[in-house]
Amino acid sequence: MTVRSVDGGVNGWVVVAIAFVALALTFAARSSVGVLMPIWEQELDWGRTLTSGGSSLVLAMMAVSSPLAGNLMDRYGPRPVFATGLALLGGAILVTSTISEEWQFLIIFGLIGGLGFGSLSLPLVSTAVAIYFTKNRGLASGIAMSGSTGGQLPTLILLSVLITSIGWRGAYVVFGLLLILLVPVSLALIRRCPDPVPVHEAGVKDSLSGKLRYLCRDRTFLLLLAAFTLCGFTTSGVADVHFVPYAVSVGYPLTDSTSAYGVHGVFNLVGLLLAGFFADHLHRPKLLASIYALRGLSFVLLLFISADIKLMYLFAAIFGLLNFSVLPLVASLVAANIGVRIMGLTMGLVFAGHSLGGALGAFLGGYIYDAFDNYVWLWILSGGLSFAAAIFSIFVLETRGGASTMRPAPATA
């Protein structure tokens with residue numbers, strides 16, 4: 001059995017379109033925790049340790065579900081994975097609109113919602129696109145993943161408008177229904193993907209344990225996993241959860257804070273597309289390390305945003321350029337050094353590390369704020385960890401090779 005050479009076709013672009021919309025809604029739903037923190041504090045008397053803990057639980061569940069969903073995608077394609085993830089997440093958001101107790105938030109949004117978030121993660125979207133595309137893979141991946149960036153801006157604005165007009169509960173009802181409506185759309189429009197190549201033809205046993213043993217001996221996987229775990233701490237855990245509450249805490253209104261975060265989303269799109277282009281022309285490990293190092297420096301700017309609103313928007317733009325731009329580089333290195341045949345599992349595991357790092361960052365952010373009544377030490381810690389991620393990245397080997405091939409499994413002693 002061999003993989004057919006495909007350039008997407010109608011079905012491939014349908015996957016891109018559905019992924020774009022799904023990512024726009026899911027990333028806005030995740031970001032809603034940061035937007036609603038001040039509201040929940042007043043209405044439900046919840047501390048930031050609790051709400052940050054809910055975000056941490058989401059990321060922890062994403063760490064569990066992403067590798068499993070990635071392995072299923074390697075075998076069965078994106079159709080069942082996308083549909084299941086949308087159903088879980090849409091149902092969780094819908095039910096969250098009715099909660100009033102802390103345990104309800106943790107179980108419904110954190111546990112169940114986290115499973116849905118993990119099935120619709122950016123690494124799995126990049127894997128889904130890689131299944132259908134060869135010639136136009138970079139373009140298609142950039143468009144699909146831009147739903148999490150450019151598509152997030154209008155959905156965040158919609159979320160803010162809905163919260164202001166019908167309250168946060170009504171806003172969650174709307175978002176939950178939109179996600180659930182995508183389930184029949186996915187089942188109806190996504191067709192079966194090209195037949196996968198059995199992994200044992202590439203020297204890896206066609207079993208989960210065999211694939212895991214192979215990856216645990218792979219240098220590229222281990223270094224990218226370490227760097228991406230620290231990346232998750234600074235982005236999903238810190239910036240995504242605590243940027244808006246921090247801006248509000250230093251005196252900016254919620255509308256300005258969410259608008260700045262929306263600007264961050266737009267520049268995410270710019271950074272993602274630029275990195276996708278430069279990944280084909282520059283030394284990828286050096287470029288990846290440079291992005292992480294510059295991200296570390298950007299946290300210094302965050303310490304001074306209270307002095308001028310322009311600094312807040314400047315940080316949002318710079319951090320946006322340096323946020324999702326790492327993903328095309330990571331995906332490209334995985335495809336070239338490891339191969340697309342187990343790319344779903346590989347990217348799922350790398351993203352699991354990212355999610356665990358994010359879970360720790362989200363929780364520590366709330367803990368540090370409750371302990372010190374400010375975020376200063378969180379920004380300093382995040383800057384240092386970004387530089388550590390740069391060090392890991394610089395040691396990744398640059399291997400320009402076919403994305404549909406896999407190196408032989410490392411010899412064992």
Side-chain angles (χ1 to χ4, degrees), residues 1 3-4 6 8-27 29-30 58 61-95 111-133 137 140-141 144-145 147-148 176-199 206-209 211-212 331 334-335 339-352 355:
M1 190 183 302
V3 172
R4 298 194 299 272
V6 292
V10 174
N11 193 37
W13 289 107
V14 166
V15 172
V16 170
I18 291 174
F20 179 95
V21 177
L23 287 175
L25 292 172
T26 56
F27 270 72
R30 277 179 57 192
V58 165
M61 295 308 299
M62 290 172 69
V64 173
S65 60
S66 287
L68 299 176
N71 191 49
L72 290 174
M73 189 174 288
D74 287 336
R75 290 180 174 273
Y76 305 110
R79 181 185 181 190
V81 175
F82 279 10
T84 302
L86 288 166
L88 287 171
L89 181 57
I93 295 295
L94 195 60
V95 177
L111 288 176
I112 300 175
L115 292 173
F117 282 122
S119 300
L120 299 166
S121 62
L122 284 170
L124 293 191
V125 167
S126 67
T127 300
V129 172
I131 292 172
Y132 289 91
F133 289 83
R137 182 178 291 161
S141 296
M145 290 188 291
S148 63
L177 291 175
L178 289 174
L179 287 162
I180 290 174
L181 285 174
L182 280 180
V183 175
V185 173
S186 299
L187 293 174
L189 297 183
I190 297 179
R191 298 290 182 261
R192 187 176 183 273
C193 64
D195 294 332
V197 175
V199 177
D206 194 10
S207 66
L208 180 59
S209 60
K211 298 172 189 176
L212 291 174
V334 168
V340 298
R341 294 165 182 166
I342 58 171
M343 188 174 176
L345 176 62
T346 306
M347 293 297 288
L349 289 169
V350 170
F351 186 67
S355 299

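Values reported hereafter were calculated over all heavy atoms of this structure, with side chains retained and with hydrogens, waters and symmetry mates removed. This structure is a prediction, so every number in the text was calculated from the model and none was measured.
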Within the distance-only criterion (no hydrogens, no angle test), does the side chain of [X] pair as donor or acceptor with the backbone N or O of [Y] below 3.5 angstrom?
X      : Y      : value
Thr84  : Val81  : no
Ser66  : Gly118 : yes
Ser119 : Leu115 : yes
Asn71  : Leu345 : no

If you take all heavy atoms of [X] and [Y], which pair is closest and at what distance?
X      : Y      : result
Met145 : Ser126 : SD-CB, 4.1 Å
Ala144 : Val129 : CB-CG2, 4.0 Å
Gly113 : Leu89  : O-CD1, 3.9 Å
Arg79  : Leu187 : NH2-O, 2.8 Å

Note to self: Run Ile180 and Leu86 through side chain to side chain contact (heavy atoms under 4.5 Å, CB included) and show every step you take.
What the structure shows: CA-CA 6 Å; Ile180 290 174; Leu86 288 166; over 6 Å; no

Check: Taking the side chain as C-beta and beyond, is there a heavy-atom pair between Phe82 and Val125 under 4.5 Å?
Finding: yes

Checklist line | Student check: side-chain heavy atoms of Ile93 and Leu177 closer than 4.5 Å | finding: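 Contact flag for Ile93/Leu177 side chains = no.
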
Next item on the list: Nearest 0.5 Å please: distance from the CZ atom of Phe27 over to the CZ atom of Phe117.
Entry: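 It is 9.5 Å, given to the nearest 0.5 Å.
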
Next item on the list: For the pair Leu120 and Leu124, evaluate side chain to side chain contact (heavy atoms under 4.5 Å, CB included) and give the outcome as yes or no after the intermediate values.
Entry: CA-CA 7 Å; Leu120 299 166; Leu124 293 191; over 6 Å; no

Next item on the list: In sequence, state the C-alpha distance, the side-chain angles, and the governing distance for Leu122 and Phe351, and then conclude on side chain to side chain contact (heavy atoms under 4.5 Å, CB included).
Entry: CA-CA 9 Å; Leu122 284 170; Phe351 186 67; 5.7 Å; no

Check: Between Leu182 and Leu25, is a side chain to side chain contact (heavy atoms under 4.5 Å, CB included) present by the stated rule, with each step listed?
Finding: CA-CA 10 Å; Leu182 280 180; Leu25 292 172; 4.1 Å; yes

